[in-house]
Amino acid sequence: MSEVRVRFPPSPTGYLHIGGARTALYNWLFARQHRGTLVLRIEDTDEERSTQASIDGIIDGLNWLGLDWDEGPYFQTEHAADHVAAAERLLVAGRAYKCFCTREELEQKREQALAEKRDPGYDGSCRNLSAADIATREAQGQAAVIRFKVPERSGTLFYDDEVLGRIERAYSEIEDFVIVRSNGKPLYLLSNVVDDIRDRITHVIRGQDHMTNTTRQVLLYEALEAPLPVFAHIPLTLDIQKRKISKRSHGEVVAVQFYRERGFLPWALCNFLALLGWNPGTEQEFFSREELTKTFSLARINRANSVFNFRPGDEKFFTDPKLIAINEHYLRNLEREELGTLVQPVLEQAGLWQPAYADERRNWYLDTLLLIRDRFHTLNDFATAGRAYFSDNYSIDPKPLARNILKHPQLTEWLPELAARFAKLTDFNSETTEALCREMAAELDIKPGILINAMRTVLTGQLAGASMFDILASLGQDTVVRRLSTVEHLYAS
RNA sequence: GUCCCCAUCGUCUAGUCAGGUCCAGGACACCGGCCUUUCACGCCGGCAACACCGGUUCAAAUCCGGUUGGGGACGCCA
């Protein structure tokens, strides 16, 4: 039984996006499940578009997601000599040939073919050049690319895809493709195969957009006399208009980085991504790493493409609502200490962190997070909607201000009075404050809700929140008294 | 234009390979209710789909053919 070896080969031409992350996740799950090896290989043969920033971004993204690899990162350009050597071998074996057609000629033919609604593929002009002809052209200094010579066979070529079943394509439909540029640099189709052979890749798990590449690469494996890996083409992630998701046309919402910045939990994203195109066949939707690793299987990957349901410009659907729901689930179920650890950097970045939260106020800090997390969607909410718990410098939302404060001008007297009474409490807790508050409401002959909602608004700035008296206990007597004592400024403008 | 892939609620999907247990199940979203000082959680309920046509069969979401629709590829990009 041979070892499972898979790879994730991003091209560093942009950030890591949702689709790429899912491909990485599926490879990672498959590797971990089989106790195999995941190779990270940076496919940087496109020198014009490859950037160091992209490489860093991709690695950062994978690290954040917790998708670790066992070998690499390898860089494809470092093996360019291997790729060219393979091409030379194919040339010698008569499995490839030099083509002197210029880019301009090819471009022109392609456009013309498309305009006439004909097949735009290469017409094979240089396929049967004589040795003398080639020598002459080379002597003249004409540049040549190397093309793979697709065998003249009747019938169809096929491979058995783990997701899609048998895929067939007629030999006659496959055109002679370029494997080495005229400047001597190898191209993806070739490099990718040579590297996969060298890295002893056993399973190629990649997007369905590679299917036509695969049929050509199957030919390359054969010509290079290497065993074929197992192919698994996973469905594509589409936007709501059913367009393939790409960094260029969709911007940041499809970037993994975006979710990190917005306070999503990395495993929530993984869990969501796992379910986008795959399902366990049971009704389970939340998985730990271990559970997912155990349950995942290529055979249960969906054949149809899936839609990543986000609506640009829509605040509520700024990303797929299911992803938000999954994130909320994890946020609510995170263990106390882990939650504390994850929220810390968010508070730090907002300037709300205090060293005491790691020390003498640790308990208060963790209790407070537990108290307020139920209504939050992301980690960032702790620093925004939850700001009043960590700082006196917070703003009051207009909606609760109008509804709970401005509507009752007498609160300018009631709230300071309430503060005064709170100040006298010797045991300030949720029970004593509630009793006191209800007592005062009865005296004034008003509904307790008026005082309670007014307090919520003044103390947290928010329309919604946890049980008010728990909030009071969390905030503490001093803060509560201070904030309730002067409220006139709220009526200012 | 050619080739390849795909087709179940708005979205993610179960069910398709081994036809009947499916007048199609779950989740998210949405709507209503309960709870409640608010909001949320939670709980209860609701709306909502087998693309179409034909064939095979006692029986089709499931098998076959066609149509339509969607996607991908057709680069000296990866």
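Because the structure is a prediction, the values reported are computed rather than measured.
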Query raised in the report: Considering only the P atoms, how many Å lie between B:U16 and B:G10, rounded to the nearest integer?
Result: 22 Å
**Report entry** Euclidean distance for C1', B:U67 against B:U11 (whole angstrom)
**Finding:** 27 Å
Query raised in the report: Has A:His210 got its ring stacked on B:A78, by the test of a centre gap below 5.5 Å and a plane angle below 30°?
Result: yes
Requested in this report: Identify whether any heavy atom of A:Leu463 sits under 4.0 Å from a base atom; if not, whether one sits that close to sugar-phosphate; answer base, sugar-phosphate or nothing.
Outcome: base
**Report entry** Nearest to side-chain heavy atoms of A:Arg103, which nucleotide of B:U2, B:U37, B:C77
**Finding:** B:C77
Query raised in the report: Reckon A:Pro448 touches a base, only the sugar-phosphate, or nothing at all at heavy-atom distances under 4.0 Å?
Result: nothing
Query raised in the report: How would you label the contact of A:Arg456 with the nucleic acid (heavy atoms, under 4.0 Å): base, sugar-phosphate, or nothing?
Result: base
Query - Nearest listed nucleotide, side chain of A:Pro321, among B:A29, B:G25, B:A78 - result: B:A29
Report task. Mind checking A:Ile167 for me? I need base, sugar-phosphate or nothing, with any heavy atom below 4.0 Å counting as a touch. Result -> sugar-phosphate
Query - Polar contact flag, side-chain donor to acceptor under 3.5 angstrom, A:Asp123-A:Ser125 - result: yes
Polar-atom pairs under 3.5 Å, protein N or O versus N or O of nucleotides 40-45 of chain B: list them with distances, or write none.
{"residue": "B:A40", "atom": "O2'", "partner": "A:Asp374", "partner atom": "O", "Å": "3.1"}
{"residue": "B:A40", "atom": "N3", "partner": "A:Arg375", "partner atom": "NH1", "Å": "3.4"}

Query - Side chain of A:Ala325 - closest among B:A29, B:U37, B:G1 - result: B:A29
Query raised in the report: Which part of the nucleic acid does A:Ser467 contact within heavy-atom distance under 4.0 Å: base, sugar-phosphate only, or nothing?
Result: base
**Report entry** From B:U37, B:C77, B:C5, nucleotide with atom closest to A:Gln208 side chain
**Finding:** B:C5
Query - Qualifying side-chain hydrogen bond (donor to acceptor under 3.5 Å, both in side chains) pairs with a residue from residues 438-447 of chain A, counting only residues at least two apart or across chains - result: A:Arg421-A:Glu443, A:Glu434-A:Arg438
Report summary line: Scanning both residues in full, the closest heavy-atom pair of A:Ile205 with A:Thr23 reads O-CG2, 3.6 Å
Report task. For B:C63 and B:G20, measure between their P atoms and round to the nearest Å. Result -> 11 Å
Requested in this report: Please determine, for the side chain of A:Asp119, which listed nucleotide (B:C76, B:U2, B:C4) has the closest atom?
Outcome: B:U2
Query raised in the report: A:Glu338 and A:Leu334: side-chain contact (heavy atoms from CB on, under 4.5 Å), yes or no, with the steps?
Result: CA-CA 6 Å; A:Glu338 199 182 355; A:Leu334 232 35; 3.9 Å; yes
Report task. Please check if any side-chain donor atom of A:His83 sits under 3.5 Å from a side-chain acceptor atom of A:Asp195, or the reverse. Result -> yes
Query - Shortest side-chain distance from A:Asn309, nucleotide among B:G71, B:U37, B:U11 - result: B:U11
**Report entry** Distance between C1' atoms of B:G15 and B:G26 (Å, rounded)
**Finding:** 11 Å
Query raised in the report: Which is true for A:Lys185 with a 4.0 Å heavy-atom rule: it touches a base, it touches only sugar-phosphate, or it touches nothing?
Result: nothing
Query raised in the report: Does the side chain of A:Tyr330 come under 3.5 Å of the side chain of A:Asn271 through a donor N or O and an acceptor N or O?
Result: yes
Query raised in the report: Does A:Leu164 or A:Arg311 map to a spot on RNA chain B nearer the 5' end, using the closest nucleotide for each?
Result: A:Leu164
Query raised in the report: Between A:His233 and A:Phe231, what is the ring plane arrangement, given parallel below 30°, perpendicular above 60°, and tilted in between?
Result: parallel
Report summary line: To the nearest 0.5 Å, atom CG of A:Asn309 lies from atom CD1 of A:Ile240 at 4.5 Å
Requested in this report: Please work out if A:Met211 contacts a base, only the sugar-phosphate, or nothing of the nucleic acid, heavy-atom cut-off 4.0 Å.
Outcome: sugar-phosphate
Report task. Assign A:Ala143 to base, sugar-phosphate, or nothing according to its heavy-atom contacts below 4.0 angstrom with the strands shown. Result -> nothing
Report summary line: Testing B:G71, B:C76, B:U37 for proximity to the side chain of A:Arg147, the answer is B:C76
Query - Nucleotide paired to B:C30 in any strand shown, Watson-Crick or G-U, under 3.5 Å - result: B:G46
Report task. Could you tell me which nucleotide pairs with B:C74 by Watson-Crick or G-U wobble geometry, both distances under 3.5 Å, or answer none if nothing does? Result -> B:G1
Return the polar atom pairs (N/O with N/O) between nucleotides 12-16 of chain B and the protein under 3.5 Å, or none.
{"residue": "B:C12", "atom": "OP1", "partner": "A:Val307", "partner atom": "N", "Å": "2.6"}
{"residue": "B:C12", "atom": "O2'", "partner": "A:Leu275", "partner atom": "O", "Å": "2.9"}
{"residue": "B:C12", "atom": "O2", "partner": "A:Lys322", "partner atom": "NZ", "Å": "3.4"}
{"residue": "B:U13", "atom": "OP1", "partner": "A:Gly277", "partner atom": "N", "Å": "2.5"}
{"residue": "B:U13", "atom": "O3'", "partner": "A:Asn279", "partner atom": "ND2", "Å": "2.8"}
{"residue": "B:U13", "atom": "O3'", "partner": "A:Asn302", "partner atom": "ND2", "Å": "3.4"}
{"residue": "B:A14", "atom": "OP1", "partner": "A:Asn279", "partner atom": "ND2", "Å": "2.3"}
{"residue": "B:A14", "atom": "O3'", "partner": "A:Arg300", "partner atom": "NH2", "Å": "3.3"}
{"residue": "B:G15", "atom": "OP1", "partner": "A:Arg300", "partner atom": "NH1", "Å": "3.2"}
{"residue": "B:G15", "atom": "OP1", "partner": "A:Arg300", "partner atom": "NH2", "Å": "3.1"}

Query raised in the report: Where does the angle between the aromatic ring planes of A:Trp278 and A:Phe296 fall among parallel (under 30°), tilted (30 to 60°) and perpendicular (over 60°)?
Result: tilted
Query raised in the report: Side-chain donor-acceptor pair under 3.5 Å between A:Thr13 and A:Ser54, yes or no?
Result: no
Query raised in the report: Which nucleotide, in any strand shown, forms a Watson-Crick or G-U wobble pair with B:A7, with both distances under 3.5 Å?
Result: B:U68
Query raised in the report: Minimum heavy-atom separation for A:Asn327 to A:Ala268, with atom names?
Result: OD1-CB, 3.4 Å
**Report entry** Same-atom distance (C1') from B:C43 to B:A49, integer angstrom
**Finding:** 27 Å
Report task. Under 4.0 Å between any heavy atoms, over every strand shown, what does A:Glu107 touch: base, sugar-phosphate, or nothing? Just pick one. Result -> nothing
Report task. Under a 3.5 Å limit for both distances, which nucleotide forms a Watson-Crick or G-U wobble pair with B:U37, could you say? Result -> none
Query raised in the report: Does A:Ser182 or A:Pro120 map to a spot on RNA chain B nearer the 5' end, using the closest nucleotide for each?
Result: A:Pro120
Requested in this report: Searching all strands shown, indicate the nucleotide that pairs with B:U21 (Watson-Crick or G-U wobble; both distances under 3.5 Å).
Outcome: none
Query raised in the report: Quick one: does A:Asn213 reach the base of B:A78 with a side-chain donor-acceptor pair under 3.5 Å?
Result: yes
Requested in this report: Consider only side-chain N and O atoms of A:Asp46 and A:Tyr188, and report whether a donor and an acceptor are under 3.5 Å apart.
Outcome: no
Report summary line: Between NE2 of A:His233 and C1' of B:C5 the distance, given in whole Å, is 11 Å
Requested in this report: Indicate, with a heavy-atom threshold strictly under 4.0 Å, whether A:Arg49 touches base, sugar-phosphate, or nothing.
Outcome: base
Report task. Can you tell me, in whole Å, how much space there is between the C1' of B:C30 and that of B:C53? Result -> 34 Å
